[in-house]
Amino acid sequence: MYSHHFEKFKDHVNTNLPKDILPLDEFLQLRTDVLANTPGIEPEIPGAEPDDGPPGVVPPPGVTASPDKPDAETLAIRDKLISTRRAIYSTTEAEVSKRWTYEEGIKRPYFHVKPLERVQLKNWKEYLDFEMEQGSHERMVVLFERCMIACALYEDFWLKYAKYLESHSVEGARNVYRRACTIHLPRKPNIHLNWAAFEEQQGNLDGARDILKTLEEAVPGLAMVTLRRVSLERRTGNLVNAERIFQEAVEHAKDTNTASFFSLKLARFLAKTKADTEGAKTVLKEAIEKDKENAKLYLQLLDLEFQQGVRPDEDRVLQCFDLAMASQLSADAKLTFSQRKVEFLEDFGSNVERLMTVYEEHQKLVKTHSGGKKRAQEGAGDDLVPAEKKHKLEENGTMSMPPPMTMPPPAPAPNSLPPPDPNAAPPPSYNYNWSTGYNQPSANQYNYGQWGYGQQYYPPASQ
């Protein structure tokens, strides 16, 4: 694949002396190996008498040859140098061959605001997974950096990069999160939440708070960010700040549904985390005043009363049921609350008269609800009748119906068998003895007599 590079390298080695193209340490090491392992080459003896030349003119050992007329030692050093580089070349070629398919799949290695094709994204993902399996950290970092140029607007790749670096370098992972969240993806919530969780794991609580606060200011109205801020304060034991964040979310909610959602979360927080049941009830009742058609608020209030104490307070639970029944909930929701009210009194009620009264009210509600649904279905059926037929029906009082279709009588089946002879005797297999019955076993055969099962039963005489 890259053979022409290796050929140029060999030409370079063969046209130059080794001492001119190699560092001194490597050259001396190669010369030592060659002299020790190649027979027929005698090394110069240290301390031997030099030639007749003047002092300082004699070259050092191993450099007496010229490029045009190399001696045996120079040729051996060149062969040794080429063989060592050939092993590196073979290894490099094998590694390049493994990655050539992925490299060919990269059609846009530069950054552009235009989205990448799915094939490109899949190729990058598979390339990164393959490189992770190889286990080379340096290659992984280089490939991730290449990927982040083309995929800078995709938070999945940033998260993959950061998660990989978390096990190698905490500061490196923090730098990746910072680059992604402050430069390329300032409005992407998922990577911000992961960055905040990472900083919390490292003990940087103030940093995690700043990250979530910055995200909430950049993208207001995200419930997950508010809940993550509350969770952070709760895990650190700062319950006052957690309650304050919930209250601010309820007050600054854009619509009623959002306010009811945070009210439910706040009530659950007060009841389960701070053990403030009365405060939770107050929050729910205030939310019901603003959102009277939200069945979840009534259910949460009912759940608080039901779970308070070992035995629920019957009067307070019934007050919650009555509050739901008197609200502006739909008929289906009221029917559900009525059914649960009956079940509650069946399980925990102390007065049977109250139970029967509630049961009768529930039956009336069921009949009313069934009648309303039936009338609604009939009205929907009338709407399906075409206008022309409906007008004709109103004028004539009846709707003309087409005559019923008559089916022709079935054709007689062909007689594949000859008619039976009435005077012929039946075959032996049909000679059943009907007078003996089915020979059923008697009651005494199964020892039923002791239980009186064999006795005949006589109905009482009519008066």
| task | Could you check whether the rings of Y154 and F157 sit parallel, tilted or perpendicular, using 30° and 60° as the cut-offs? | result | perpendicular
| Centres of the F337 and F344 rings: under 6.0 Å? | no
| task | Using a strict 4.0 Å threshold on nitrogen-to-oxygen distance, state whether K364 and E360 make a salt bridge. | result | no
| task | Take the angle between the ring planes of Y177 and F198 and call it parallel below 30°, perpendicular above 60°, tilted in between. | result | tilted
| query | So with a 6.0 Å cut-off around CZ of R179, is the heavy-atom count from everything else above 12? | reply | yes
| Close side-chain approach of Y164 and K160, heavy atoms under 4.5 Å | no
| task | Measure the acute angle between the ring planes of H112 and Y110, then classify it against the limits of 30° and 60° as parallel, tilted or perpendicular. | result | perpendicular
| Can you tell me if NZ on K274 sees more than 12 non-hydrogen neighbours from other groups inside 6.0 Å? | yes
| task | Report yes if the side chains of M224 and L215 come closer than 4.5 Å at any heavy-atom pair, otherwise no. | result | no
| field | Heavy-atom check, side chain of I211 versus side chain of E199, under 4.5 Å | value | yes
| task | Inspect the contact between E117 and K107 and indicate whether a charged nitrogen and a carboxylate oxygen are less than 4.0 angstrom apart. | result | no
| query | Quick check: are there more than 12 heavy atoms from other residues, nucleotides or ligands sitting under 6.0 Å from NZ of K334? | reply | yes
| task | Flag yes if more than 12 heavy atoms outside K281 fall under 6.0 Å of its NZ atom; otherwise flag no. | result | yes
| What's the spacing between E166 CD and Q201 CD if we round to 0.5 Å? | 6.5 Å
| Is the H168 ring parallel, tilted or perpendicular to the H137 ring (thresholds 30°, 60°)? | parallel
